[in-house]
Structure formats: structure tokens, C-alpha cells
Number of protein chains: 2
Amino acid sequence: MRTPAELTTAFRSLGLKVTPQRQLLFRLLHDNTSHPTAEALFEVASAQMPGISLRTVYQTLTDLAGMGELQSFAFGGGAIRFDPNVGPHHHQVCVSCDEIADVYVDGVDQLNVSLRNESEAHSFAVASTDIVFRGRCVRCAHTV
Amino acid sequence: MRTPAELTTAFRSLGLKVTPQRQLLFRLLHDNTSHPTAEALFEVASAQMPGISLRTVYQTLTDLAGMGELQSFAFGGGAIRFDPNVGPHHHQVCVSCDEIADVYVDGVDQLNVSLRNESEAHSFAVASTDIVFRGRCVRCAHTV
DNA sequence: ACCTTATTTGCATCTCATGCGAACTGCCAA
DNA sequence: TTGGCAGTTCGCATGAGATGCAAATAAGGT
Ligand SMILES: [Mn+2]
Ligand SMILES: [Mn+2]
Ligand SMILES: [Zn+2]
Ligand SMILES: [Zn+2]
């Protein structure tokens, strides 16, 4: 995701308005590596701007995702996670505390893929690859 | 997932009962490669057993998953998918029609993973790796 | 055949997300 | 600076997916 200043320009040039609510969310999302849910962002935003509505948070997240400034993922067990890191990367998810961290993986495009039904091999046009490593984070590894 | 006959034995030995509803679902899931949702299974089951309830389908799927006979995945955009193929494999998902197919990938355990924050490297204990290839299936590639 | 215990089923409830429209406000133009 | 259009906010209604609950039912050991 671009900086709040850049997003301000981008929004205006699209005929979209830059409201205080949106500016706050730009700030909260910039460099945010926590992969927050809409509700989680709403909690943080509410502390700084009492009265902001959850509906507006959802609205702005949807707008940003539509502009390609955010990715969204549906990991199991709950709400969609938003990610301002739109570069190529993958994720490790703690099965205990649901913490999500970015990981960078080499050789993804060189993975050797095969199907049981060979007739379908190579007929699927891969546009993107998402890898999720599940396990226990450092903190949860102790408290098993 | 094991065969209906084997599941019958397994259920009884756990003190669980083998009802007609469960037998039907055992049959519908055995060798099923469509990664169905609970609702999709309910539709098919209803055709063969009018009156079966959606609640029972959910219940049985949850039981089977708890026994390790099924996997479940939350791909984006909708309901959870169930998978009787519990061996090591991955998935390709059509972004157009949501069709899901099994794929087998070599070298997953040899992927070279790195984190931006080197202090956390290797501190995450990976228990499983899920890879999702997104793109267009053969059928949808034509009708773009 | 009986009886205990698990199961089925319908309905209520819950979470997450989106539809909707009245009130509001950014921001451009005059 | 001010007026006004168009985009936005926000609360409430609605929807999808999934689970909680308990009365009625049925499996299966005895
Ligand atoms: Mn990420
Ligand atoms: Mn599969
Ligand atoms: Zn953890
Ligand atoms: Zn398709």
C-alpha cells in the first residue's frame, strides 16, 4: 500500500474524497504487518476517532482492496484478514494464536506440479500462488 | 477418507451409531473429488433422502473431520470446502467458476523460506504447508 | 423386545459481511 | 467566500454460513 500522502492524491484523482475517517485508516494501515481484520481495525480506529462506524471501515477496506492497495485473505476460522503488503510474499499462521507473519519464499515458480489425471496437466493457467505455512509461533511453542 | 464399510466399523467401535443419514454421506463423500460445501452435499443428499436435514450434514461433516477422515478449507468467497482426500496434496482454484482440483507438488519441504526480520527466522515450527494456485480452469480459459 | 444412549431435526442464535437510504460533508466552481 | 453537486458516513436491516439447543426419534447391545 502506498503512503497516506500518495493515497490522498490517488483518491482525489479518482473523484473520491479524502475524509478524516479515510485518512485515519490510511495511517493505521500504512506499514501495518499485523494482517488485521476489519473489526480489529475498527477497534483501533475507534480509540482515535470515537464514533467512526464499522460500516465505514469495511467500506474503505473494500475500496482500497479494489484499487489494489490491499490484499485480503480468508484463512480459516473467522474474519477476513487485510494486508497492505501487496508485493509477492506468503504467510505463516500460528494454529494456536492465529498470528500471521509474512514470509518470503524462493523458487515458487519452479515448483513441480502434477495432477493425477494427466490429461488436465498444464491446462490450468496459474495467475498467482499462495502458500500458507501452519504451525506454532515462538511464543506459543513454549506454552504447549 | 476410508470406505463406507470401514467407516461403519470405525464409528461403531467409537460408540457412534451408523444411521442411514451417515451411510448416505459416507457414500457421497467416498472418492468425491469435488471439494463440496456442506450445502452442496445437502442438495445431493436430499435428492436421495428427502427430509435429511442440513444440520445433520454439518454434524456428520464435523464428526468426520474430527476423526481425521476429512479435511476442510476456507478458500475465499463463501462456504467451507470439505475434502475426503487427506493425503498430502495441494489445490488449484479457478477464480472464475470456483472449481477446485487436487494437485501434487514436489519439493514442498525444500522450499527456501526467509523472513524480513532475521531474528525470527527458523523460530516458527511448521506443521503443514498448504499451497493454492489461483487461475483459470480449461473451461473458463475459453470464455474470457 | 427393551432400554440406554446417541442422533436427528427444526428453530433460535451467532458472526461476519453487505444492502440501503437519510443526513452529512468534501471540494470544485462561480 | 459561498453554493451546491456528488461522494461519504452511519445506523439499521438483511443475508450467508455455521453452531447451540432440546424434544422427538432410533440404533444396537443385552
Ligand atoms: Mn502478508
Ligand atoms: Mn483436495
Ligand atoms: Zn502463536
Ligand atoms: Zn473455471
Side-chain angles (χ1 to χ4, degrees), chain A residues 4-5 7-26 28 35-43 45-46 48-67 70-83 98 100, chain B residues 4-5 7-26 28 35-43 45-46 48-67 70-83 98 100:
Chain A
L7 289 176
T8 295
T9 303
F11 267 59
R12 292 232 173 88
S13 69
L14 287 172
L16 303 176
K17 294 172 179 174
V18 178
T19 65
Q21 290 90 340
R22 282 177 176 171
Q23 293 178 326
L24 172 57
L25 289 167
F26 293 169
L28 294 181
H35 304 81
T37 64
E39 301 262 359
L41 275 169
F42 171 65
E43 293 303 322
S46 293
Q48 295 187 40
M49 184 184 285
I52 190 174
S53 85
L54 176 58
R55 191 67 186 80
T56 296
V57 175
Y58 270 108
Q59 184 66 45
T60 300
L61 290 172
T62 301
D63 291 345
L64 286 167
M67 295 168 63
L70 292 179
Q71 289 186 73
S72 61
F73 304 103
F75 296 106
I80 287 176
R81 304 295 196 118
F82 292 89
D83 191 350
D98 279 339
I100 299 173
Chain B
L7 290 176
T8 294
T9 302
F11 267 59
R12 293 233 172 87
S13 69
L14 288 172
L16 303 176
K17 293 172 180 175
V18 178
T19 65
Q21 291 89 341
R22 283 177 176 173
Q23 295 179 56
L24 172 56
L25 289 167
F26 293 170
L28 293 181
H35 303 83
T37 64
E39 300 263 358
L41 274 170
F42 171 65
E43 293 303 321
S46 293
Q48 295 187 41
M49 184 184 285
I52 189 174
S53 86
L54 176 59
R55 191 67 186 79
T56 295
V57 175
Y58 271 109
Q59 184 67 39
T60 300
L61 290 171
T62 301
D63 291 345
L64 286 167
M67 295 168 63
L70 292 179
Q71 288 187 73
S72 62
F73 304 103
F75 296 106
I80 287 176
R81 303 294 196 119
F82 292 88
D83 190 349
D98 279 339
I100 299 173

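Computed from a predicted model, the values in this text were never measured in an experiment.
Distances shown here put every side-chain N or O of Thr19(A) at or beyond 4.0 Å from the OP1 or OP2 atom of dT25(C). Between Arg12(A) and dC27(C), a side-chain N or O to OP1/OP2 separation shorter than 4.0 Å is present. Contact between the side-chain N/O atoms of Gln21(A) and the OP1/OP2 oxygens of dT25(C) is not found at any separation under 4.0 Å. Not one side-chain nitrogen or oxygen of Tyr58(A) sits closer than 4.0 Å to the OP1 or OP2 atom of dT18(C).
Of all heavy-atom pairs spanning His35(B) and Arg81(B), the tightest one is O-NH1, 2.8 Å. Considering every non-hydrogen atom in both Leu25(B) and Val57(B), the closest pair reads CD1-CA, 4.0 Å.
In this model, no side-chain donor or acceptor of Arg22(A) finds a partner on the base of dG26(C) within 3.5 Å.
Comparing dC10(D), dC21(D), dG28(D) by their nearest atom to the side chain of Arg55(B) picks out dC21(D). Out of dT7(C), dT9(C), dG28(D), the shortest distance to the side chain of Leu16(B) is found at dT7(C). The nucleotide whose nearest atom lies closest to any side-chain atom of Lys17(A) is, among dC10(D), dT9(C), dG7(D), dG7(D).
Phe73(A) has its CZ atom 19 Å from the C1' atom of dC16(C), to the nearest Å. Leu54(A) has its CG atom 11 Å from the P atom of dC10(D), to the nearest Å. Here the C1' atom of nucleotide dA16(D) and the CD atom of Glu39(B) are 8 Å apart, to the nearest Å. Protein atom CG of Leu64(A) is 12 Å distant from nucleotide atom P of dT8(D), rounded to whole Å. For Phe11(A) and dT25(C), the CZ to P distance is 19 Å, given to the nearest whole Å. Protein atom CD1 of Ile80(B) is 13 Å distant from nucleotide atom P of dC16(C), rounded to whole Å. Rounded to a whole Å, the CZ atom of Phe26(A) is 10 Å from the P atom of dT8(D). When the C1' atom of dC10(D) is taken as reference, atom CD of Gln59(A) falls 11 Å away, rounded to whole Å.
Residue contacts for Ile52(A): at a heavy-atom cut-off of 4.0 Å it reaches the sugar-phosphate backbone alone, with no base atom in range.
When each of Ser53(B) and Thr62(A) is assigned the nucleotide of DNA chain C with its nearest heavy atom, Ser53(B) is the one assigned upstream, toward the 5' end. Judged by closest nucleotide on DNA chain D, Ala79(B) is the one of Pro20(B) and Ala79(B) placed further toward the 5' end.
When side chains are defined from C-beta on, Leu61(A) counts as touching Leu41(A), because their heavy atoms get closer than 4.5 Å.
Between the OG1 atom in Thr60(B) and the CG atom in Leu24(B) there is a gap of 9.5 Å [rounded to 0.5 Å]. Atom CD1 of Ile80(A) and atom OG1 of Thr62(A) lie 8.5 Å apart (nearest 0.5 Å).
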